[in-house]
Amino acid sequence: MAQDLNYPGLKITGAQQVPDGSLTVPGIASAMPEHCVISGQLHERISPVDGKRYAIGFEMRLPTAWNGRFFYQANGGLDGFVTPAYGNILGGGPASNGLLKGFAVLSSNGGHAFERDVPVVGGATFGRDPQARLDYGYDTLNQTVPMARALITRHYGRPPDRAYLVGSSNGGRLGLVAAARDLGGFDGIAVTTPGYRLPLAAMTQVWDAQQLARVARQARPDGLPDLESSFSPAELGLLAHSILKRCDALDGLADGLVQDAQACLAQFQLRRDVPICTAAQGSPPGSDAACLSPAQIDALDAVFKGPDLYPGLPFDPGIQGRNWREWKFTNSLGPRDAIALAFVFTTPPDGVAADARSVAHYALNFDVRVDGAKLLARDAVYTQSAMDFMTPPDAMGLASFVKRGGKLLVAHGTADPVFSALDSIRWYEGFVARHGERARDSARLYLVPGMNHSLGGPATDQFDLVEALVAWTERGQAPQAIEASARGPGSLLPNPEVPADWSPRRSRPLCPWPKVARYVAGDPEQASSFSCR
């Protein structure tokens, strides 16, 4: 039925029926239900700027047993891929997904394709095309959602009753943009790790890399500082232990989690609470860390405080997570933040040669005070700056979305190394200041202690925002605490960073900001033993 949909600019490239039980998804115990999967593209064109072909690629999965709802699966990173439209419901190792719940699900590539033949920078070269920038920032929503609604109507004989957007990281940013611009007519939006000021976060990442480079004790093969050598896992473990020693019991229980992030920010002091070496070199790489050097403390102090334009980070023991190292020591100089700045967020695009050394050199020499102005720049070709097309206008207002009764759930890990949870708190407090007590009728923020970027870290990172969002949107059941579980040994998608002294299925309540989960009485491994206060 999809092939005969007469929709402007639409090309269907594939359609097939998937039998019930024939498709399994990693981490999901149940096989997927019978559904039709449709692939295609919208508005194919040749760029007048770089001469390359662009199109919005998409996939839709339409379950036979449809629940009457539409699910927009917002992708992360620099996009460029059509990920399977399963309807991922956020957090680590979700036990279900949108398709299994009966949603009609759409995913897209954000208006451009990853250039596999351009090593290192192939995910960002689309930034040379002005329209591709806008598609990535927000316009793909404008173009795909009406098409998806038309396709759903053609397939089922009626339009969807409700529409939801769900996404993490850049997909979380897109959720806040959708609410601010009121794109897509979504009834409910659920996001995690929302880099809602993503260009500033990317700039902060390279600024952090510059601080860490000053304490790197080894060089890469190409001669540039090896950020991995700036802090060993044991040294970050020492910092995590120091944070726990000062802040773990602030919520009433020493359990390896810092629930009260704001209290810890006020209580913890790097120069007082972390042992400082007398020798300048600190602990030898690979050794058990007993102290950090004064230079290492200075570098951490800069990273946790952040540059002037973007908040620093909460103090959280999740700093010892593998994902924290990946973002701070690898992505900041490599195929994420530096190339996003070079091609997508600077106007006109700075560009950079397609080799790892050139990208890292660009990051280490990006001057926040001078080059940062390029994030706000426009010209005759690029008529919107990165801050125009990437960030939600009037993010604290969301006037139209709020007026028509839209619901927004946001969750953010306090050990996220790239998008600061403090920036999400800044956004939410501004939203509450604008709307007063009515703010909580429209949006709620949940912090996830220990969680790194979207998942992982020593955290209870398995939770389902979608069920809570549907109950709020359709039945008026405003969410309070949302239960989250750890993914220890025996889980379908185990988290190797769940501490050995935790129950493999430890649970905790995620509390609506500014409430904090405090221990009351009972089994310390169960969420029922805690109260949001």
Side-chain angles (χ1 to χ4, degrees), residues 1-7 10 12 15-23 25 28 30-40 58-74 83-90 94-108 140-167 171 174-175 178-179 182-191 400-401 404-409 442 464-479 482:
M1 295 173 73
Q3 291 91 330
D4 61 3
L5 179 65
N6 184 19
Y7 192 89
L10 173 64
I12 299 295
Q16 67 177 92
Q17 195 74 8
V18 179
D20 180 45
S22 65
L23 173 66
V25 175
I28 307 294
S30 301
M32 295 302 101
E34 179 182 74
H35 64 278
C36 178
V37 57
I38 299 168
S39 56
F58 71 88
E59 177 179 289
M60 286 203 76
R61 292 184 184 253
L62 305 169
T64 302
W66 182 42
N67 65 13
R69 303 180 180 106
F70 167 48
F71 187 122
Y72 188 102
Q73 176 181 301
T83 55
Y86 298 142
N88 301 324
I89 61 172
L90 311 175
S96 185
N97 60 31
L99 182 61
L100 193 60
K101 291 173 182 287
F103 288 83
V105 184
L106 167 73
S107 72
S108 84
T140 291
L141 275 174
N142 273 338
Q143 300 180 60
T144 56
V145 172
M147 178 277 300
R149 289 180 183 272
L151 201 154
I152 288 171
T153 301
R154 180 71 181 89
H155 185 79
Y156 294 110
R158 65 182 180 91
D161 302 317
R162 299 281 186 168
Y164 296 90
L165 183 151
V166 181
L174 189 61
D182 207 10
L183 301 177
F186 294 104
D187 301 287
I189 295 173
V191 299
S400 179
F401 182 76
R404 64 178 180 80
K407 306 299 183 186
L408 174 62
L409 290 181
S442 301
D464 188 343
L465 290 186
V466 174
E467 283 297 312
L469 181 63
V470 169
W472 192 17
T473 302
E474 300 182 15
R475 299 190 293 277
Q477 299 171 1
I482 294 175

(request) For Asn142, check side chain to side chain donor-acceptor pair (under 3.5 Å) against everything at least two apart and list the hits. (result)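 Scan of Asn142 (side chain to side chain donor-acceptor pair (under 3.5 Å), adjacent residues dropped) gives Asp139.
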(request) I would like to know whether Leu62 and Ile152 meet side-chain contact (heavy atoms from CB on, under 4.5 Å); could you show each step before the answer? (result) CA-CA 8 Å; Leu62 305 169; Ile152 288 171; 4.2 Å; yes
Heavy-atom side-chain contact between [X] and [Y] under 4.5 Å:
X	Y	result
Pro33	Thr64	no
Phe58	Leu10	yes
Tyr164	Val466	no
Gln17	Cys36	yes

Using modelled atom types only, decide if a donor and an acceptor are shared between the side chain of [X] and the backbone of [Y] within a distance under 3.5 Å.
X	Y	result
Thr473	Leu469	yes
Asp464	Ile89	no
Gln73	Ala85	no
Arg154	Asn6	no

[atom1] of [X] to [atom2] of [Y]: how many Å apart, nearest 0.5 Å?
X	Y	atom1	atom2	value
Ser96	Tyr86	OG	OH	14.0 Å
Leu183	Ser400	CG	OG	10.0 Å
Leu23	Leu99	CG	CG	7.5 Å
Asn97	Ile28	CG	CD1	5.0 Å

(message) Show, in sequence, the C-alpha distance, side-chain angles and deciding distance for Leu141 and Leu165, and conclude whether the side-chain contact (heavy atoms from CB on, under 4.5 Å) test is met.
(response) CA-CA 10 Å; Leu141 275 174; Leu165 183 151; 3.9 Å; yes
(request) Evaluate side-chain contact (heavy atoms from CB on, under 4.5 Å) for Trp472 paired with Leu409, printing each intermediate quantity in order. (result) CA-CA 10 Å; Trp472 192 17; Leu409 290 181; 3.6 Å; yes
(message) Ring-plane angle category for Trp66 and Tyr156, please: parallel below 30°, perpendicular beyond 60°, tilted otherwise.
(response)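 It falls in the parallel class, under 30°.
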(message) Can you tell me how the ring of Phe186 sits relative to the ring of Tyr72, calling it parallel under 30°, perpendicular over 60° and tilted otherwise?
(response)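 Geometry flag for Tyr72 against Phe186: perpendicular rings.
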(message) Quick one, Leu90 with Val166, criterion side-chain contact (heavy atoms from CB on, under 4.5 Å). Give me CA distance, side-chain angles, the key distance, then yes/no.
(response) CA-CA 8 Å; Leu90 311 175; Val166 181; 3.6 Å; yes
Shortest non-hydrogen contact from [X] to [Y]?
X	Y	value
Pro160	Phe70	CB-CB, 3.9 Å
Thr153	Pro159	OG1-CA, 3.3 Å
Ala190	Leu465	CB-CB, 4.1 Å
Ser30	Leu100	CB-CD2, 4.0 Å
Asp20	Met32	OD1-O, 3.7 Å
Pro146	Tyr7	CB-OH, 3.3 Å

(message) Among residues at least two apart in sequence or on other chains, which ones pass salt bridge (Lys or Arg N to Asp or Glu O under 4.0 Å) with Asp182?
(response)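 Counting only residues at least two positions away or on another chain, Asp182 forms a salt bridge (Lys or Arg N to Asp or Glu O under 4.0 Å) with Arg404.
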(message) Among residues at least two apart in sequence or on other chains, which ones pass salt bridge (Lys or Arg N to Asp or Glu O under 4.0 Å) with Glu474?
(response)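 Once residues adjacent in sequence are excluded, the partners of Glu474 under the salt bridge (Lys or Arg N to Asp or Glu O under 4.0 Å) criterion are Arg69.
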